[in-house]
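Keep in mind that this is a model prediction, so the values were computed, not measured.
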Amino acid sequence: MADQTQAPSSPSGQKGPYGLAELVRGTATGSPKPLEETVFTWPHLVYVEFLAMLASTIVLMVLCLISGAPLEESASTDTTPNPMKAPWYFLGLQELLVFFDPWLAGVVLPGLIIVGLMVVPYIDVNPKGIGQYNYRDRRFAVLTFSFGLALWYIFIVIGVYMRGLDWQWYWPWDNWLLHKEASAVALIDLEIIFSQKLGIAQTPTANLLTYVFTIAFYAVGFSIPYLLYRKFYDSLGFVRYNVMMAFFMTMMLVPFKVMLRLVFNIKYMLITPWFKI
């Protein structure tokens, strides 16, 4: 915010073309600190970031010299590796294929999560903490982005260190050269569970309940911030809030579906003519 004041008159009696601008705390600068307690991004911050980049490059070069890339033997038409693993940076996608329909796991969910992680910090209209490495004033944006990034690396770690022969789960202390017996627990669709528990035939009614269950998952997620953190909703407004929560709940759908699979042996929670969740 600037308070424009006319400059003193020139000796000829005409007013000068320049004005005096007064910076008001917390508005024009975007920072609650006085100007005398701040420094320019260049060269102070950029210089430190440049040194950090050089240090990281040196560390990577040393690691490359000490330990070579974990390359396997040349591909052969006579032998198929077991398990057939993608490069490490794609193992998160390969792990998602265990829990979701291939089209969702390989295209839709990764795309929505990546776009959502980029959109959420910009939808958050909280002006505090802008221009700073600040966690306290932007907890939701920082935690959401950190969770999504951590989720991706968790799937990569599982694919690299926990998946062995036949893509079975192997702990580090297990014998990775022995085939594990197939699990005696059969996976079952949520639609069949509803049919069995409610004593109804596997009809469109049971399938409709899976739609209700999925909608309820999103409805609960949308409602909790609205009911318990009303200031959060008011600060965003109707449109921003719904866009943000749509991306956020889609990201949360991934660990929720994984939990259903591991704890309740549910293969798919929703089956449609186009995709399966």
Side-chain angles (χ1 to χ4, degrees), residues 1-4 21-35 37-38 40-41 45 92 96 100-101 103-155 208-260 269-270 272 274-275 277:
M1 181 176 181
D3 181 15
Q4 297 293 336
E22 178 185 3
L23 298 179
V24 180
R25 176 182 175 183
T27 56
T29 62
S31 173
K33 293 184 177 180
L35 291 179
E37 297 182 13
T38 61
F40 288 105
T41 301
L45 176 62
L96 280 179
F100 291 92
D101 191 63
W103 181 64
L104 283 177
V107 180
V108 177
L109 286 177
L112 288 177
I113 292 175
I114 292 173
V115 172
L117 292 179
M118 293 188 296
V119 167
V120 166
Y122 289 95
I123 294 179
D124 184 4
V125 296
N126 177 17
K128 296 182 179 179
I130 295 178
Q132 306 174 20
Y133 290 100
N134 193 320
Y135 162 75
R136 182 183 61 187
D137 294 327
R138 300 179 67 85
R139 289 187 178 93
F140 180 81
V142 173
L143 288 177
T144 299
F145 188 89
S146 300
F147 176 80
L149 191 63
L151 186 65
W152 179 252
Y153 281 101
I154 288 173
F155 280 118
L208 179 62
L209 291 177
T210 62
Y211 280 87
V212 174
F213 181 82
T214 305
I215 294 174
F217 167 78
Y218 277 89
V220 171
F222 273 68
S223 301
I224 289 177
Y226 177 80
L227 297 175
L228 301 182
Y229 305 98
R230 190 59 180 270
K231 291 183 178 179
F232 177 71
Y233 170 83
D234 294 337
S235 65
L236 293 177
F238 179 80
V239 176
R240 286 193 181 96
Y241 176 81
N242 283 280
V243 171
M244 175 179 287
M245 293 307 300
F247 282 115
F248 179 77
M249 292 306 299
T250 300
M251 182 176 66
M252 295 304 298
L253 178 66
V254 174
F256 180 72
K257 176 58 172 57
V258 171
M259 182 269 295
L260 291 179
M269 58 180 280
L270 176 64
T272 72
W274 309 279
F275 58 86
I277 298 177

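- Rounded to the nearest 0.5 angstrom, Ile123 CD1 and Arg240 CZ are separated by 8.0 Å.
- Leu96 CG to Leu151 CG: the interatomic distance, rounded to the nearest 0.5 Å, is 7.5 Å.
- The nearest pair of heavy atoms linking Asp101 to Phe275 is OD2-CA, 4.2 Å.
- Closest approach of Leu117 and Met251 over heavy atoms only: CD2-SD, 3.9 Å.
- The shortest side-chain heavy-atom distance between Leu270 and Lys257 does not fall under the 4.5 Å cut-off.
- One finds the CZ atom of Phe247 at 12.0 Å from the CG atom of Asn242 (value rounded to the nearest 0.5 Å).
- Across Pro110 and Ala105, no two heavy atoms sit closer than the pair CG-O, 3.2 Å.
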* CA sep, side-chain torsions, deciding dist, call: Met245, Ile224, side-chain contact (heavy atoms from CB on, under 4.5 Å) -> CA-CA 11 Å; Met245 293 307 300; Ile224 289 177; over 6 Å; no
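- Outside the 6.0 Å centre-distance limit, the rings of Tyr229 and Phe140 are not counted as a close aromatic pair.
- Rounded to the nearest 0.5 Å, atoms CZ (Phe256) and OG1 (Thr214) are 8.5 Å apart.
- Atom CZ of Phe147 sits about 4.5 Å away from atom CE of Met252, to the nearest 0.5 Å.
- No donor-acceptor pair under 3.5 Å is formed between the side chain of Thr144 and the backbone N or O of Ala141.
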* Asked: What do the steps show when you test Val258 against Phe155 for side-chain contact (heavy atoms from CB on, under 4.5 Å), and what is the final call?
  -> CA-CA 11 Å; Val258 171; Phe155 280 118; 3.9 Å; yes
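- The closest donor-acceptor contact from the side chain of Tyr241 to the backbone of Phe232 lies at 3.5 Å or more, if one exists at all.
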* Residue pair Tyr218, Thr250: steps toward the side chain to side chain donor-acceptor pair (under 3.5 Å) verdict -> CA-CA 8 Å; Tyr218 277 89; Thr250 300; 3.3 Å; yes
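- Note that OH of Tyr233 and CG of Leu227 are 11.0 Å apart. Values are rounded to the nearest 0.5 Å.
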